[in-house]
Number of protein chains: 2
Amino acid sequence: MTTIKDIARVAGVSVTTVSRALNGYSDVNPKTRKRIQEVAKELNYSPNTVARSLVMKKSKTIGLLVSDMNREGVKDNFTFEVLCGINEASAYSEYDLVLFSTTSSKQNEKTYTQLCRERRVDGVILQGIKTDDPYLQEVVDSDIPCVLVDIPMESQTVGYVTTDNIDGAKKAVNHLISCGHKNIAMINGHEKADVSIRRLRGYREALEQNDLTFHPDWLVNGDFKEDEAEKVAKKLLKQYPEISAIFCASDLMALGVLKAAKWLGRKIPEDLAVIGYDDITLAAYSTPSLSTIRQDKFNLGFEAAVLLIDMLEGKKQIHSRIIDTELIIREST
Amino acid sequence: MTTIKDIARVAGVSVTTVSRALNGYSDVNPKTRKRIQEVAKELNYSPNTVARSLVMKKSKTIGLLVSDMNREGVKDNFTFEVLCGINEASAYSEYDLVLFSTTSSKQNEKTYTQLCRERRVDGVILQGIKTDDPYLQEVVDSDIPCVLVDIPMESQTVGYVTTDNIDGAKKAVNHLISCGHKNIAMINGHEKADVSIRRLRGYREALEQNDLTFHPDWLVNGDFKEDEAEKVAKKLLKQYPEISAIFCASDLMALGVLKAAKWLGRKIPEDLAVIGYDDITLAAYSTPSLSTIRQDKFNLGFEAAVLLIDMLEGKKQIHSRIIDTELIIREST
DNA sequence: GTGAAAGCGCTAACAC
DNA sequence: GTGTTAGCGCTTTCAC
């Protein structure tokens, strides 16, 4: 493997000059530069980024800490779309991505900081992490630049990108109300998700603004899972048959509700209106197709990467970004 | 940031001893080792893998060259599942993954080899690459250990993992035949995909073995796209109304065929039977749900990573792995 | 405009 | 069992 030393020898200059020539410094004779470039090409030279990282103390890599990369997380293409967005943004930069394999199991008991420091990543993007995840605290405490997806938390080195979950939930509930519904239940994810907390707030605010009372009994958690949502929906609808519409904090759960409704013989949307959240691919393909609040997941990832890179290059002081949601009306409402 | 030098100073030994102690060499006094470990912990030491990589000429990273990580590739969770499998396998190893951001556009005109050499990855996994992709030739020519997903190509440094596409296609067609169909068309992907070539072969062999004649006109390409498949299916079915069943080389295309059938007023499966390939998430959720040939995509990725790691550690001489497929019968047949 | 020399943090002969 | 020394490939003062 060719090194700048080889090039220096062949071109009859010093390694210093080679380095400067190849890195586009101005204080090098155009002729010398040209010759060096030719030799480099001739010798099929590739710079060694490892060596460069060592001396520069910058690796030009972004660490990705992504949960739900297991066999189960696959149904929901949320994570993947975010990943694609991150990938796209970093493709236009000079940063590469390193995917930390974080199986919570295993002796993989390395802390977040250890992971990052060992690999010398310049910054990190965290996605799909729960608010009580021990990693999260570490992020805030560490001095490694970091962007969180869907957890609004900010500091000198921490930024975030998310959608307006309160507003999104409101849109969903207002839509149900505008369809004439008054008895609107909600199936939420779990308390450890920031988005759940906010979507609940949006739900309550929408009810309030329309002079509808909030029934604590009509609020249940489905843990963001289809099966679980189906189960709790059955129970809920049997106990409170007066419920005419359900707002779900995720499409996957809404799919579960659809199943529950079918099982109970309630027609959609006549006997029961259902609206989800996310607009995952499945939402458009289910029968009936699912009304939902669309999040631009790709953009979520894209902006997260842009934000982080800007932080790394010291460009901006704004460390957060809120992305719009969109109401998508389909057959289920 | 603490280095072994710091540890050496505090512990009153040389850096060599620190290195050996921390790396678990046997020729070091247990007491010395203990003290060094304590100091390391106390100083909150993390090894610098960059420095280690430089001297060892091994980075303990695997490069991922994945196409379809763009906004469009999202519907199809194939890529993501493969990725999850790779991630899982590498989580149990000491390798991390670096995702090469390969937008074919942009000045990103770095060759495959350059990408790999610059980042000093130990090996690479390629997924979603076409047979005429210039990268592919480079792989074979380069000496970087590499595992291909779904391209059977083997050499000293190149291995692959795939499913038995001929057999899978046969299963699909035989299933249609066992349902009583005789006029079976095929919508294939494109000629640049090895899987297409093989699935076509399976289709033809199954016909042959059942004394059915192969009609070249009943074979069209849908480019693995839903829209395209819908378009060509409409045309095909109008021109040859005698066709009673269609075998599609991917579920996404089968979904397109479903739409075409609906548009033409042909009931499924009574008027037209459709079978896909892959078993993507959507297949189970569409109406009617889609019969298909399931590929264990997660396992495809998992085995690819295992294979590569084994190659890197010089463990095996077998460089390929064929994974079984499974016929999934649903409502569309 | 160019080169000599030092050093990034680590491993690995080779001595002792 | 431990230390000395050299060196991985690169960037960067600081001279000239």
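All heavy atoms count here, side chains included; hydrogens, waters and symmetry mates do not. Below, chains carry the letters A, B, ... as their sequence lines are ordered, and counting in each starts from 1.
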- [ ] Apply the test salt bridge (charged side-chain N to carboxylate O under 4.0 Å, His left out) to residues B/Arg117 and B/Glu138: give CA-CA distance (whole Å), side-chain angles for both, the deciding distance (0.1 Å), then the verdict.
- [x] CA-CA 13 Å; B/Arg117 292 199 312 186; B/Glu138 269 193 77; over 6 Å; no
Task: Main-chain N/O of B/Lys192 paired with B/Asp132 side-chain donor or acceptor, under 3.5 Å - done: no
TODO: For B/Thr32, report the nucleic acid contact type (base, sugar-phosphate, nothing); a contact means any heavy atom under 4.0 Å.
DONE: sugar-phosphate
Open item on the list: Assess whether a salt bridge exists between B/Glu38 and B/Lys31, defined as any Lys/Arg side-chain N lying under 4.0 Å from an Asp/Glu carboxylate O.
Closed with: no
TODO: State which residues pass ring-ring contact (aromatic ring centres under 6.0 Å, His included) with B/Phe78; sequence neighbours excluded, sorted by chain then number.
DONE: none
Open item on the list: Using a strict threshold of under 4.0 Å (side-chain N to carboxylate O), is an ion pair present between A/Glu94 and A/Arg52?
Closed with: no
Task: Atom-pair distance (CG on B/Asp27; C1' on C/dA15), nearest Å - done: 14 Å
Open item on the list: Over the length of the helix from C/dG1-D/dC16 to C/dC16-D/dG1, how much do the five-pair end axes diverge, rounded to 10 degrees?
Closed with: 40°
Task: Test item: B/Asn299 side-chain N/O and B/Phe302 main-chain N/O as donor-acceptor pair under 3.5 Å - done: no
Task: Rounded distance (Å) that lies between atom P of C/dG1 and atom CZ of A/Arg35 - done: 15 Å
- [ ] May I ask you to decide whether A/Arg119 forms a salt bridge with B/Asp96, counting only side-chain N to carboxylate O separations under 4.0 Å?
- [x] yes
Open item on the list: Between B/Arg20 and B/Ser26 (side chain of the first, backbone of the second, donor and acceptor by atom type, cut-off under 3.5 Å), is there such a pair?
Closed with: no
- [ ] Scan A/Val13 against the nucleic acid and name what it touches under 4.0 Å (heavy atoms): base, sugar-phosphate only, or nothing.
- [x] sugar-phosphate
- [ ] Using atom CG of B/Asn29 as one end and atom P of D/dG3 as the other, report the distance to the nearest whole Å.
- [x] 11 Å
Task: Contact letters for nucleotides 4-10 of chain C, in which S counts primed atoms plus P, OP1 and OP2 and B counts the base, heavy atoms under 4.0 Å - done: BB-BBBS
TODO: Rounded to the nearest angstrom, tell me the gap between atom CG in A/Leu22 and atom P in D/dT11.
DONE: 8 Å
Task: Atom pair distance, as rounded to whole Å: NZ in A/Lys34 and C1' in C/dG1 - done: 19 Å
Open item on the list: Under a 4.0 Å threshold between the charged nitrogen and the carboxylate oxygen, would A/Asp133 count as salt-bridged to A/Lys130?
Closed with: no
TODO: May I have the distance from A/Tyr25 (atom OH) to D/dC10 (atom C1'), rounded to whole angstrom?
DONE: 11 Å
